[in-house]
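Step one of this worksheet: look at the structure below.
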Amino acid sequence: MQNIITNYFIKVKKGQKNKGFDKKNEKKMIDEFRCITKIIELDKNHKLRLEKCNENCRYKNILPYKDNIVKLTSSNNFINASWMHMPYPYYFIATQGPLPHTIEDFWTMCYDNKVSVIIMLCNLKEDNINKCADYWNIKNLKKYEIKLINEKKDEKIYIRSIELYNKEKNNSYKINQIHFTSWEDHNSLKKNYCTKIIKIIKLLDEYRGKRNAVIHCSAGVGRTGTFIGMY
């Protein structure tokens with residue numbers, strides 16, 4: 001499966017014409033997918049954690065694993081986010097789209113972990129359902145001031161420069177947000193948007209430097225995991 005997808009993206013990156021996966025490759029992918037062993041939650045305290053953290057989870061059946069959960073410095077000390085440890089320096093934080101009452105925790109996570117770029121792969125609303133809170137236009141946070149410095153649009157991609165100011169420590173730094181608006185939930189990426197993903201990957205590398213990157217959609221699982229896999 002990896003070779004099939006990799007070859008496809010190499011052709012797209014080189015600008016070669018490609019009509020997508022043919023039936024033979026499609027069947028290979030489906031057969032291989034069916035052979036994947038299901039991962040079972042090994043945390044015996046899973047249900048207990050779910051009850052404790054329920055209100056901070058956008059989807060009640062999706063929790064981080066205990067071994068790679070992102071920890072906060074706040075007293076709450078829980079955010080629905082996971083470290084994705086690739087070979088150095090390719091570390092990512094995969095997380096859900098913030099809820100209105102978890103926006104402060106989201107920015108704490110970014111500040112604590114020196115995040116320089118955020119990749120957003122969902123819309124605020126999809127099919128009239130709230131998918132993510134508008135965390136970059138928020139006011140009256142306790143610890144932070146969020147200032148939108150600049151916003152530009154390149155077709156389906158918004159690029160925003162955001163200043164994150166910590167009131168307690170009296171310092172600030174810039175975070176770039178790259179927002180892709182045309183990847184529908186529970187749907188595969190349309191093949192004519194593959195070049196957009198490659199552009200986002202290039203921007204991610206440009207903005208990231210030696211800092212960390214946050215990737216999120218709504219649940220922080222489907223589109224988020226697929227993007228990290230493509231990267």
Side-chain angles (χ1 to χ4, degrees), residues 43 49-50 52-60 62-86 88-122 124 130-149 158 160-180 200 203-204 207-225 227-228 231:
D43 182 1
R49 291 194 302 123
L50 181 59
K52 181 180 178 181
C53 306
N54 192 293
E55 65 179 12
N56 290 330
C57 298
R58 180 172 289 278
Y59 301 96
K60 310 308 178 187
I62 297 176
L63 272 177
Y65 290 98
K66 65 176 182 179
D67 292 335
N68 62 328
I69 188 172
V70 178
K71 295 181 180 179
L72 299 179
T73 57
S74 61
S75 57
N76 183 343
N77 204 36
F78 172 83
I79 188 167
N80 198 318
S82 303
W83 281 106
M84 305 297 288
H85 294 290
M86 309 298 175
Y88 180 82
Y90 304 110
Y91 296 167
F92 298 98
I93 293 175
T95 188
Q96 67 179 22
L99 294 157
H101 63 278
T102 66
I103 292 177
E104 185 105 34
D105 290 337
F106 178 85
W107 286 117
T108 295
M109 176 185 72
C110 292
Y111 186 88
D112 286 353
N113 293 287
K114 299 179 180 179
V115 169
S116 61
V117 58
I118 299 168
I119 306 296
M120 179 175 175
L121 300 169
C122 65
L124 298 180
N130 291 327
K131 294 289 183 174
C132 181
D134 186 353
Y135 56 87
W136 60 94
N137 285 310
I138 190 70
K139 305 294 182 185
N140 302 320
L141 292 178
K142 183 179 179 182
K143 289 176 59 178
Y144 305 99
E145 286 183 9
I146 311 302
K147 183 179 179 181
L148 181 60
I149 302 171
Y158 286 89
R160 301 182 178 100
S161 296
I162 300 167
E163 183 181 70
L164 174 60
Y165 174 72
N166 188 315
K167 299 177 185 177
E168 296 176 352
K169 298 187 177 181
N170 192 30
N171 61 22
S172 64
Y173 76 96
K174 188 178 78 170
I175 297 178
N176 289 296
Q177 184 211 50
I178 305 167
H179 183 189
F180 183 52
I200 291 171
L203 288 170
L204 169 57
Y207 293 145
R208 183 176 188 173
K210 295 182 179 180
R211 293 177 178 262
N212 290 309
V214 165
I215 319 293
H216 81 83
C217 49
S218 184
V221 177
R223 288 169 282 188
T224 297
F227 177 86
I228 293 172
Y231 186 95

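Only this structure's heavy atoms are used, side chains among them; waters, hydrogens and symmetry mates stay out.
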- Task: Could you tell me which residues satisfy side chain to side chain donor-acceptor pair (under 3.5 Å) with Asp134, sequence neighbours excluded, listed by chain and number?
- Result: Asn137

- side chain to side chain donor-acceptor pair (under 3.5 Å) filter on Asn113, not counting sequence neighbours, yields none

- Task: Could you tell me the separation between the CD1 atom of Ile103 and the CD1 atom of Ile138, rounded to the nearest 0.5 Å?
- Result: 4.0 Å

- Message: Please determine whether the number of non-hydrogen atoms from other residues, nucleotides or ligands lying under 6.0 Å from atom NZ of Lys147 exceeds 12.
- Response: no

- Any Ser218 side-chain heavy atom under 4.5 Å of Tyr59 side chain: yes

- Query: Just wondering, do Asn56 and Leu99 contact through their side chains at under 4.5 Å, heavy atoms?
  - Reply: no

- Query: Is there a donor-acceptor pair closer than 3.5 Å between any side-chain N or O of Glu104 and the backbone N or O of Lys143?
  - Reply: yes

- Note on the structure: Closest non-hydrogen contact found for Gly97 with His216 is CA-ND1, 3.8 Å

- Item | Those residues that, when tested against Asn130, pass side chain to side chain donor-acceptor pair (under 3.5 Å) (two or more places apart) | none

- Partner residues of Arg58 under the salt bridge (charged side-chain N to carboxylate O under 4.0 Å, His left out) criterion, sequence neighbours left out: none

- Item | Inter-residue atom distance Lys167.NZ - Leu141.CG, 0.5 Å rounding | 6.5 Å

- Message: A side-chain contact here means heavy atoms from C-beta on lying under 4.5 Å apart; do Ile119 and Phe92 qualify?
- Response: no

- Does Met109 reach the side chain of Ile93, with side-chain heavy atoms less than 4.5 Å apart? yes

- Query: Which distance, rounded to the nearest 0.5 Å, do you find between the CG of Asn212 and the CG of Asp112?
  - Reply: 11.5 Å

- Task: Please tell me if the side chains of Thr102 and Ile79 come closer than 4.5 Å, counting only heavy atoms from C-beta onward.
- Result: no

- With sequence neighbours excluded, tell me which residues meet side-chain contact (heavy atoms from CB on, under 4.5 Å) with Ala94. Met84, Thr224, Ile228

- Message: Applying side-chain contact (heavy atoms from CB on, under 4.5 Å), can you list everything that pairs with Ser172, at least two apart in sequence or on another chain?
- Response: Glu163, Tyr165

- Query: Would you say His101's side chain and Glu55's backbone share a donor-acceptor pair under 3.5 angstrom?
  - Reply: yes

- Nearest 0.5 Å, what's the CG-CD1 distance between Asn80 and Ile69? 7.5 Å

- side chain to side chain donor-acceptor pair (under 3.5 Å) partners for Ser116, two or more places apart: none

- Mind checking whether Phe78 and Pro64 have side chains closer than 4.5 Å, heavy atoms only? yes

- Message: If the condition is ring-ring contact (aromatic ring centres under 6.0 Å, His included), which residues does Phe180 pass it with, not counting sequence neighbours?
- Response: Tyr193

- Message: Between Lys174 and Tyr207, is there a side-chain heavy-atom distance shorter than 4.5 Å?
- Response: no

- Task: Name all pairs fulfilling the salt bridge (Lys or Arg N to Asp or Glu O under 4.0 Å) condition that reach into residues 213-225, sequence neighbours left out, sorted by first residue then second.
- Result: Glu126-Arg223, Asp185-Arg223

- When you look at OH of Tyr173, are more than 12 heavy atoms from neighbouring residues, nucleotides or ligands closer to it than 6.0 Å? yes

- 4.5 Å side-chain heavy-atom contact, Arg211 and Val115: no

- Task: Report the residues that fulfil side-chain contact (heavy atoms from CB on, under 4.5 Å) with Asn171, sequence neighbours left out, ordered by chain and then residue number.
- Result: Tyr111, Asn166, Lys169

- Rounded to the nearest 0.5 Å, what's the gap from SG on Cys110 to CD1 on Ile175? Could you check? 5.0 Å

- Message: Please enumerate all residues that pass ring-ring contact (aromatic ring centres under 6.0 Å, His included) together with Phe106, with sequence neighbours excluded.
- Response: Tyr135

- Query: Tyr91 vs Trp83 aromatic rings, parallel, tilted or perpendicular, using cut-offs 30° and 60°?
  - Reply: perpendicular

